[in-house]
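As structure tokens, the structure follows; a few thoughts come after it.
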Amino acid sequence: MFKGKKVMLGVCGGIAAYKAIELLRLMVKAGADVSVVMTASAREFVTPLTFQTLSSNPVHSDLFDLYQEKEIGHISLADGADLFVIAPATANIIGKIAGGIADDLLTTTVMATRAPVLFAPAMNVHMYENPIYRRNEKSLRELGYHFIDPAFGALACGYEGQGKLPDPEAIFTAAQAVLAPQDLAGQKILVTAGPTREELDPVRYLSNYSSGKMGYAIASAAVQRGAEVVLVSGPTFLSAPAGVELVPVVSAEQMRACVLSVLPSATAVVKAAAVADYRPLTVAEQKIKKNDAELTVSLEKNPDILAEVGEKKQGQVVVGFAAETENLLKHASDKLKRKKLDLIVANDITQSGAGFDVDTNIVKLLHADGRVEELPQLSKDEVAHQLLDRVVALLH
Ligand code: PMT
């Protein structure tokens, strides 16, 4: 979403201004060309030099800068932007913009821009709850301005409550959502992610190396593109992406029950989960003791959830994944046909930078009509968006 995009990052005077540095770093890393506008108060908290060094662009703060204003600086900043992000946004800046006041470079530039604007408010909990602030935020929302709600927690002023600037990663995701095409609006996407755990005794289970990263990236990308998303996830260390309904499960049987209950209301299903194919035939009630040199565990087959989805689907777009160590295309295409899928994402998990736990993936997309697309090594976020581009095409 950020590649090649011009982003204006407005930084206001609040203790959370230091978090804007990390936000800037994330956006630059994602390929954005970021210019920073600081209010006079922001400069009391963090130095322009930090932003300038990390953005490789001059930092702007003076409305009457003689050099900038030879090109009418605030207008050229406003016109050049694809997105404005104001983080932290104080009650003061939100009040001024809501009231139509443009008395410094940031407020003037926001007033002049036609780009979408995302506010990340941060303030004392009582200021946040103040009806004047609420009215200002409401009127800006009604005018189409975007907001990410402040987080709950211990505030710098000593109070506990809502008012903390969200983590830079959360603001980054919200900004991505503002930039994303809303081509999945009105769709309900069911995504599965992570491993399943099949219990052996009270202290042991069978599982696999899935971290959930691929499935969570798909859920996050789908919500950014306007979908309602239900994420049925096996145990992972990840937090649910903002806006996603997370349904945590442990075993394949639990995942099956959740998937089948959501399926009738879904318009597309993407099964990135690594489901255990087998589970112990019996679960020992007590911890199994190491009395013998060998232990034999009998396993029985788990239900194939995706195959069942393929059988029961009623117009839903169904996408599966295939994690293979050999004969990638053959195995993936067998699964595509046997499970009656529209698309299967094949990843050769022996390749470095692909498959389990890493942040990137290298995939081939096999379509039901026989087309095969080969994608280069991409971040799992990028793979997710590429995949959703295909889902959008299939939905239409
Ligand atoms: O979670 P990460 O660490 O990010 O790793 C990502 C991933 C490697 C797990 C992901 O990219 C991936 O390939 N997921 C599918 C892994 C897998 O179990 O593949 P499979 O070939 O065993 O299964 C094929 C398809 O059937 C999958 O969509 C799977 O969800 C589904 N399945 C499999 C078995 C089963 N009993 N029920 C199922 O629904």
Side-chain angles (χ1 to χ4, degrees), residues 189-198 206-221 231-238 241 249-260 262-263 266 268-279 299-313 316-366 375 377-384 386-387 391:
I189 315 276
L190 166 59
V191 181
T192 69
T196 63
R197 283 182 187 170
E198 310 302 329
L206 300 181
S207 192
N208 58 64
Y209 294 112
S210 171
S211 62
K213 287 179 183 173
M214 190 65 251
Y216 279 58
I218 295 164
S220 172
L231 174 62
V232 179
S233 173
T236 75
F237 291 105
L238 306 174
V249 295
V250 177
S251 66
E253 274 293 358
Q254 289 172 3
M255 183 173 280
R256 173 181 174 273
C258 288
V259 166
L260 294 183
V262 178
L263 178 65
V269 180
V270 183
K271 278 212 89 260
V275 184
D277 288 319
Y278 290 90
R279 61 170 178 250
L299 303 176
E300 65 180 332
K301 224 170 181 175
N302 260 330
D304 189 323
I305 308 165
L306 188 55
E308 213 170 328
V309 168
E311 284 301 333
K312 294 193 165 136
K313 69 179 174 187
Q316 291 92 341
V317 169
V318 181
V319 180
F321 270 73
E324 304 295 344
T325 56
E326 56 175 356
N327 298 330
L328 180 68
L329 287 179
K330 182 185 176 317
H331 290 317
S333 118
D334 287 350
K335 286 174 187 171
L336 173 77
K337 288 180 197 126
R338 183 162 45 82
K339 303 191 188 202
K340 301 192 169 75
L341 310 177
D342 297 290
L343 182 71
I344 193 158
V345 184
N347 35 200
D348 172 355
I349 55 168
T350 64
Q351 281 186 283
S352 81
F356 293 117
D357 205 20
V358 286
D359 292 329
T360 57
N361 210 351
I362 307 167
V363 302
K364 292 185 171 59
L365 305 176
L366 282 69
L375 301 185
Q377 181 171 350
L378 297 170
S379 71
K380 283 185 174 166
D381 286 339
E382 287 169 311
V383 171
Q386 290 278 347
L387 171 58
V391 170

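Atoms within each ligand, like the ligands themselves, are counted from 1 in listed order. Keep in mind that the numbers below use all heavy atoms, side chains included, and drop hydrogens, waters and symmetry copies. Predicted, not measured: the structure shown is a model, and the values here were computed from it.
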Report task. Show your reasoning for whether side-chain hydrogen bond (donor to acceptor under 3.5 Å, both in side chains) applies to N347 and N361. Result -> CA-CA 7 Å; N347 35 200; N361 210 351; 3.0 Å; yes
Report task. Applying side-chain hydrogen bond (donor to acceptor under 3.5 Å, both in side chains), run through E198 and S251 and close with a yes or a no. Result -> CA-CA 6 Å; E198 310 302 329; S251 66; 4.8 Å; no
Report summary line: Taking only non-hydrogen atoms of G320 and a 4.0 Å limit, the atoms of ligand 1 in range are 28 (O)
Query - ligand 1 N/O within reach of V358 N/O, cut-off under 3.5 Å - result: no
Query raised in the report: Is Y209 in polar range of ligand 1, meaning some N or O pair under 3.5 Å apart?
Result: no
Query - Atom indices of ligand 1, in the order listed, that fall short of 4.0 Å to a heavy atom of D357 - result: 2 (P), 3 (O)
Query raised in the report: Does some non-hydrogen atom of A252 fall short of 4.0 Å from ligand 1?
Result: no
Query raised in the report: At a 4.0 Å cut-off, with the gap strictly under it, does some heavy atom of A322 reach an atom of ligand 1?
Result: yes
Query raised in the report: Is any N or O atom of K335, backbone or side chain, closer than 3.5 Å to an N or O atom of ligand 1?
Result: yes
Report task. Check each of D277, V259, T360, D348 against atom 34 (C) of ligand 1 and report the one with the nearest heavy atom. Result -> D277
Query - Which of the ligand 1 atoms, numbered from 1, are nearer than 4.0 Å to a heavy atom of D304 - result: 35 (C), 36 (N), 37 (N), 38 (C), 39 (O)
Requested in this report: Determine, step by step, whether S210 and N208 satisfy the side-chain hydrogen bond (donor to acceptor under 3.5 Å, both in side chains) criterion, reporting the C-alpha distance in whole Å, the side-chain angles of both residues, the deciding distance to 0.1 Å, and the verdict.
Outcome: CA-CA 6 Å; S210 171; N208 58 64; 4.6 Å; no
Query - Residue-ligand contact N347/ligand 1, heavy atom below 4.0 Å - result: yes
Report summary line: Near K213 (heavy-atom distance under 4.0 Å), the atoms of ligand 1 are 1 (O), 2 (P), 4 (O)
Query - Interfacing atoms of ligand 1 (cut-off 4.0 Å, heavy-atom, G212) - result: 1 (O), 2 (P), 3 (O)
Report summary line: When distances are taken from atom 30 (O) of ligand 1, the protein heavy atom at minimum range is A273 O, 2.6 Å
**Report entry** Atom indices of ligand 1 within 4.0 angstrom of K380 heavy atoms, with elements
**Finding:** 2 (P), 3 (O), 4 (O), 5 (O)
Report task. Looking only at protein heavy atoms, identify the closest one to atom 27 (C) of ligand 1 and say how far it is in Å. Result -> F321 O, 3.0 Å
Query raised in the report: Knowing that exactly one of V363, I218, L375 qualifies, which makes a side-chain contact (heavy atoms from CB on, under 4.5 Å) with L387?
Result: I218
Report task. Using heavy-atom distances, let me know which of A346, A332, A272 sits nearest atom 14 (N) of ligand 1. Result -> A272
Query raised in the report: Does N361 have a heavy atom less than 4.0 Å from any atom of ligand 1?
Result: yes
**Report entry** Closest protein heavy atom (residue, atom, distance) for atom 6 (C) of ligand 1
**Finding:** M214 CB, 3.6 Å
Query raised in the report: Has ligand 1 got any nitrogen or oxygen that is less than 3.5 angstrom from a nitrogen or oxygen of K271?
Result: yes
Query raised in the report: Does ligand 1 have any atom sitting under 4.0 Å from a heavy atom of H331?
Result: no
**Report entry** Atom indices of ligand 1 within 4.0 angstrom of P303 heavy atoms, with elements
**Finding:** 35 (C), 36 (N), 37 (N)
Query raised in the report: Below 4.0 Å from any atom of ligand 1, is there a heavy atom belonging to E308?
Result: no
